[in-house]
Amino acid sequence: MNENISAILYDECTIQRKISELGEQLSVDYEDKKPVMISVLKGSVVFLADLIRACTINMTVDFISLSSYGNKTESSGSVSLEKVFNTDLSDRHVIIVEDIIDTGLSLSYLLKYLDRFKPASIALCVLLDKVDARKIEVKIDYKGFEIENEFVVGYGLDYAERFRNLPYIGILKEEVYK
Ligand code: PRP
(Lines give C-alpha, C1' and ligand atoms only; values in the text may rest on other atoms or scores of the structure.)
Protein backbone atom coordinates (compact mmCIF):
# COMPACT_ATOMS: atom_id res chain seq x y z
CA MET A 1 0.00 0.00 0.00
CA ASN A 2 1.18 3.56 -0.70
CA GLU A 3 2.85 5.12 2.38
CA ASN A 4 0.55 8.16 2.25
CA ILE A 5 -2.60 6.09 2.58
CA SER A 6 -3.98 5.21 6.01
CA ALA A 7 -6.50 2.60 4.82
CA ILE A 8 -7.90 1.11 1.66
CA LEU A 9 -11.60 1.85 1.41
CA TYR A 10 -12.38 -0.10 -1.79
CA ASP A 11 -9.97 -2.47 -3.46
CA GLU A 12 -9.82 -3.18 -7.19
CA CYS A 13 -12.15 -6.19 -7.05
CA THR A 14 -14.80 -4.36 -5.05
CA ILE A 15 -14.70 -1.42 -7.45
CA GLN A 16 -14.97 -3.64 -10.52
CA ARG A 17 -17.89 -5.60 -9.05
CA LYS A 18 -19.78 -2.37 -8.44
CA ILE A 19 -18.98 -1.06 -11.92
CA SER A 20 -20.29 -4.30 -13.47
CA GLU A 21 -23.60 -3.75 -11.65
CA LEU A 22 -23.77 -0.13 -12.80
CA GLY A 23 -22.91 -1.11 -16.38
CA GLU A 24 -25.62 -3.79 -16.45
CA GLN A 25 -28.21 -1.39 -15.11
CA LEU A 26 -27.26 1.35 -17.58
CA SER A 27 -27.34 -1.16 -20.45
CA VAL A 28 -30.92 -2.10 -19.56
CA ASP A 29 -32.12 1.46 -18.98
CA TYR A 30 -30.48 2.92 -22.09
CA GLU A 31 -30.95 0.12 -24.60
CA ASP A 32 -31.70 1.72 -28.01
CA LYS A 33 -31.25 5.25 -26.58
CA LYS A 34 -27.64 5.74 -27.73
CA PRO A 35 -26.73 7.88 -24.70
CA VAL A 36 -23.79 10.26 -24.55
CA MET A 37 -21.66 9.81 -21.46
CA ILE A 38 -20.06 13.06 -20.37
CA SER A 39 -17.06 12.53 -18.14
CA VAL A 40 -16.12 15.38 -15.82
CA LEU A 41 -12.34 15.76 -16.03
CA LYS A 42 -10.05 14.81 -14.63
CA GLY A 43 -11.06 12.58 -11.74
CA SER A 44 -13.72 10.56 -13.54
CA VAL A 45 -11.63 9.30 -16.46
CA VAL A 46 -10.61 6.08 -14.74
CA PHE A 47 -14.22 5.38 -13.73
CA LEU A 48 -15.43 6.23 -17.25
CA ALA A 49 -12.88 3.91 -18.85
CA ASP A 50 -14.13 0.96 -16.80
CA LEU A 51 -17.80 1.94 -16.90
CA ILE A 52 -18.08 2.09 -20.71
CA ARG A 53 -16.50 -1.36 -20.94
CA ALA A 54 -19.12 -2.67 -18.51
CA CYS A 55 -21.90 -1.37 -20.80
CA THR A 56 -23.08 -3.41 -23.79
CA ILE A 57 -25.05 -0.68 -25.58
CA ASN A 58 -24.36 1.75 -28.38
CA MET A 59 -23.14 5.06 -26.89
CA THR A 60 -20.79 7.99 -27.35
CA VAL A 61 -18.41 9.71 -24.96
CA ASP A 62 -17.40 13.32 -24.40
CA PHE A 63 -15.57 15.35 -21.77
CA ILE A 64 -16.08 18.54 -19.80
CA SER A 65 -13.82 20.21 -17.28
CA LEU A 66 -14.90 22.02 -14.13
CA SER A 67 -12.77 23.14 -11.28
CA SER A 68 -13.49 24.13 -7.70
CA TYR A 69 -10.80 22.50 -5.58
CA GLY A 70 -7.45 23.73 -6.91
CA ASN A 71 -4.81 22.14 -4.70
CA LYS A 72 -6.96 22.16 -1.57
CA THR A 73 -8.98 19.46 0.13
CA GLU A 74 -12.16 21.52 0.35
CA SER A 75 -14.28 23.06 -2.37
CA SER A 76 -13.63 26.76 -2.98
CA GLY A 77 -17.39 27.13 -3.35
CA SER A 78 -17.19 28.62 -6.81
CA VAL A 79 -17.29 26.39 -9.84
CA SER A 80 -15.82 27.34 -13.18
CA LEU A 81 -16.02 25.77 -16.61
CA GLU A 82 -12.67 25.06 -18.23
CA LYS A 83 -13.36 22.82 -21.21
CA VAL A 84 -16.55 22.57 -23.20
CA PHE A 85 -17.68 19.36 -24.92
CA ASN A 86 -18.39 19.39 -28.66
CA THR A 87 -21.24 16.89 -28.98
CA ASP A 88 -24.62 18.29 -30.12
CA LEU A 89 -26.76 17.42 -27.09
CA SER A 90 -30.18 18.36 -28.44
CA ASP A 91 -32.52 15.37 -28.04
CA ARG A 92 -29.69 13.20 -26.75
CA HIS A 93 -29.85 11.18 -23.53
CA VAL A 94 -26.99 12.47 -21.40
CA ILE A 95 -25.32 10.53 -18.58
CA ILE A 96 -22.92 12.64 -16.52
CA VAL A 97 -20.12 10.48 -15.15
CA GLU A 98 -18.45 11.72 -11.95
CA ASP A 99 -15.95 10.15 -9.60
CA ILE A 100 -17.25 11.89 -6.46
CA ILE A 101 -19.99 14.19 -5.24
CA ASP A 102 -19.09 16.21 -2.19
CA THR A 103 -20.83 19.57 -1.64
CA GLY A 104 -22.86 19.02 -4.83
CA LEU A 105 -21.88 22.44 -6.18
CA SER A 106 -20.07 21.08 -9.26
CA LEU A 107 -22.89 18.80 -10.37
CA SER A 108 -25.59 21.30 -9.60
CA TYR A 109 -23.77 23.87 -11.76
CA LEU A 110 -23.23 21.32 -14.53
CA LEU A 111 -26.87 20.21 -14.59
CA LYS A 112 -28.01 23.80 -15.09
CA TYR A 113 -25.35 24.38 -17.72
CA LEU A 114 -26.23 21.28 -19.76
CA ASP A 115 -29.96 21.91 -19.57
CA ARG A 116 -29.63 24.87 -21.93
CA PHE A 117 -28.63 22.49 -24.77
CA LYS A 118 -32.08 20.82 -24.58
CA PRO A 119 -31.05 17.19 -24.14
CA ALA A 120 -33.82 14.53 -24.09
CA SER A 121 -32.78 13.58 -20.55
CA ILE A 122 -29.92 14.01 -18.10
CA ALA A 123 -28.91 11.40 -15.53
CA LEU A 124 -26.08 11.34 -13.01
CA CYS A 125 -23.80 8.38 -12.49
CA VAL A 126 -21.49 8.91 -9.52
CA LEU A 127 -19.01 6.45 -8.09
CA LEU A 128 -18.61 7.96 -4.61
CA ASP A 129 -21.20 9.91 -2.64
CA LYS A 130 -19.89 11.84 0.36
CA VAL A 131 -23.41 12.24 1.71
CA ASP A 132 -22.71 14.33 4.81
CA ALA A 133 -20.75 16.98 2.90
CA ARG A 134 -23.69 18.04 0.76
CA LYS A 135 -24.50 21.76 0.61
CA ILE A 136 -26.98 21.58 -2.23
CA GLU A 137 -29.34 18.71 -3.02
CA VAL A 138 -28.64 16.80 -6.23
CA LYS A 139 -30.52 13.71 -7.40
CA ILE A 140 -28.14 10.87 -8.18
CA ASP A 141 -29.55 8.26 -10.57
CA TYR A 142 -26.73 5.70 -10.46
CA LYS A 143 -24.48 5.48 -7.43
CA GLY A 144 -21.49 3.32 -6.53
CA PHE A 145 -20.73 3.79 -2.84
CA GLU A 146 -21.68 6.14 -0.02
CA ILE A 147 -18.62 7.25 1.95
CA GLU A 148 -17.86 9.10 5.18
CA ASN A 149 -16.51 12.63 5.30
CA GLU A 150 -12.88 11.62 4.73
CA PHE A 151 -10.40 12.71 2.09
CA VAL A 152 -10.09 9.87 -0.41
CA VAL A 153 -7.71 9.45 -3.32
CA GLY A 154 -6.90 6.88 -5.97
CA TYR A 155 -8.80 5.40 -8.91
CA GLY A 156 -8.71 8.83 -10.59
CA LEU A 157 -9.14 10.95 -7.46
CA ASP A 158 -6.26 13.22 -6.55
CA TYR A 159 -4.73 15.41 -3.92
CA ALA A 160 -2.79 18.22 -5.66
CA GLU A 161 -2.76 16.04 -8.82
CA ARG A 162 -1.12 13.10 -7.02
CA PHE A 163 -2.44 9.60 -6.36
CA ARG A 164 -4.80 9.39 -9.38
CA ASN A 165 -2.94 6.27 -10.50
CA LEU A 166 -3.58 4.19 -7.39
CA PRO A 167 -5.72 1.22 -8.46
CA TYR A 168 -7.76 1.32 -5.24
CA ILE A 169 -9.64 4.06 -3.35
CA GLY A 170 -7.89 4.92 -0.09
CA ILE A 171 -8.01 7.41 2.75
CA LEU A 172 -5.22 9.99 2.57
CA LYS A 173 -3.20 10.43 5.77
CA GLU A 174 -3.95 13.81 7.35
CA GLU A 175 -0.27 14.66 7.61
CA VAL A 176 -0.08 14.80 3.81
CA TYR A 177 -2.44 17.75 3.56
CA LYS A 178 -2.39 19.40 7.02
C1 PRP B 1 -13.86 16.84 -7.83
C2 PRP B 1 -14.84 15.83 -8.42
C3 PRP B 1 -16.06 16.65 -8.69
C4 PRP B 1 -16.03 17.69 -7.60
C5 PRP B 1 -17.01 17.28 -6.52
O6 PRP B 1 -13.24 17.51 -8.87
O7 PRP B 1 -14.33 15.21 -9.57
O8 PRP B 1 -16.01 17.28 -9.96
O9 PRP B 1 -14.70 17.71 -7.07
O10 PRP B 1 -17.05 18.22 -5.49
P11 PRP B 1 -18.35 19.07 -5.12
O12 PRP B 1 -19.52 18.12 -5.04
O13 PRP B 1 -17.98 19.64 -3.77
O14 PRP B 1 -18.53 20.13 -6.13
P15 PRP B 1 -11.94 18.45 -8.71
O16 PRP B 1 -12.37 19.88 -8.68
O17 PRP B 1 -11.13 17.96 -7.54
O18 PRP B 1 -11.16 18.23 -10.06
P19 PRP B 1 -10.50 16.88 -10.68
O20 PRP B 1 -11.64 15.96 -11.07
O21 PRP B 1 -9.72 17.37 -11.85
O22 PRP B 1 -9.62 16.24 -9.62
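As the structure lists them, so they are numbered: ligands from 1, and atoms in each ligand from 1. Every heavy atom of this structure was used, including side-chain atoms; hydrogens, water molecules and symmetry mates were not. Source: prediction; values computed, not measured.
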### Reported CD1-to-CD1 distance for the pair Ile52 and Ile19, which is rounded to 0.5 angstrom
11.5 Å

### Task
Please check if the side chain of Arg92 supplies one atom and the backbone of Ala120 the other of a donor-acceptor pair under 3.5 Å.
no

### Under 3.5 Å: donor-acceptor pair, side chain of Lys139, backbone of Leu124
no

### Task
Return a yes/no value for Asp102: is any of its N or O atoms, backbone included, closer than 3.5 angstrom to an N or O of ligand 1?
yes

### Query
Who's closest to atom 12 (O) of ligand 1 heavy-atom-wise, of Ala133, Ser106, Gly104?
Gly104

### Message
With nothing but distance in play, are any N or O atoms of Ser44 less than 3.5 Å from an N or O of ligand 1?
### Response
no

## Note on the structure
Logged contact type for Leu41 with ligand 1, heavy-atom cut-off 4.0 Å, is backbone

### Message
Quick test of your reading of the structure: of Leu127, Thr103, Asp158, whose heavy atom lies closest to atom 13 (O) of ligand 1?
### Response
Thr103

### Task
Please identify which atoms of ligand 1 are closer than 4.0 Å to at least one heavy atom of Gly43.
19 (P), 20 (O), 21 (O)

### Query
Would you say Lys130's side chain and Glu150's backbone share a donor-acceptor pair under 3.5 angstrom?
yes

### Query
Under 3.5 Å, is there a donor-acceptor pair linking the side chains of Asp50 and Tyr155?
yes

### Task
Could you list the atoms of ligand 1 found under 4.0 angstrom from a heavy atom of Leu105?
12 (O), 14 (O)

### Message
Can you tell me how far apart CD1 (Ile96) and CD1 (Ile140) are? Round to the nearest 0.5 Å.
### Response
11.5 Å

### Query
With only distance considered, is Ile100 within less than 3.5 Å of ligand 1 through an N or O on each side?
no

### Query
With a cut-off of 4.0 Å, which atoms of ligand 1 are near a heavy atom of Lys42?
19 (P), 20 (O), 21 (O)

### Message
Below 4.0 Å from ligand 1: does a non-hydrogen atom of Arg164 turn up there or not?
### Response
yes

### Flag, side chain of Asp62 to backbone of Thr87, donor-acceptor distance under 3.5 Å
yes

### Query
Would you say ligand 1 has an N or O under 3.5 Å from any N or O of Ile101?
no

### Message
Whether Asp115 and Lys112 form a salt bridge (side-chain N of Lys/Arg under 4.0 Å from carboxylate O of Asp/Glu) is what I want to check.
### Response
no

### Summary
So the atoms of ligand 1 within less than 4.0 Å of a heavy atom of Asp99 turn out to be 2 (C), 7 (O)

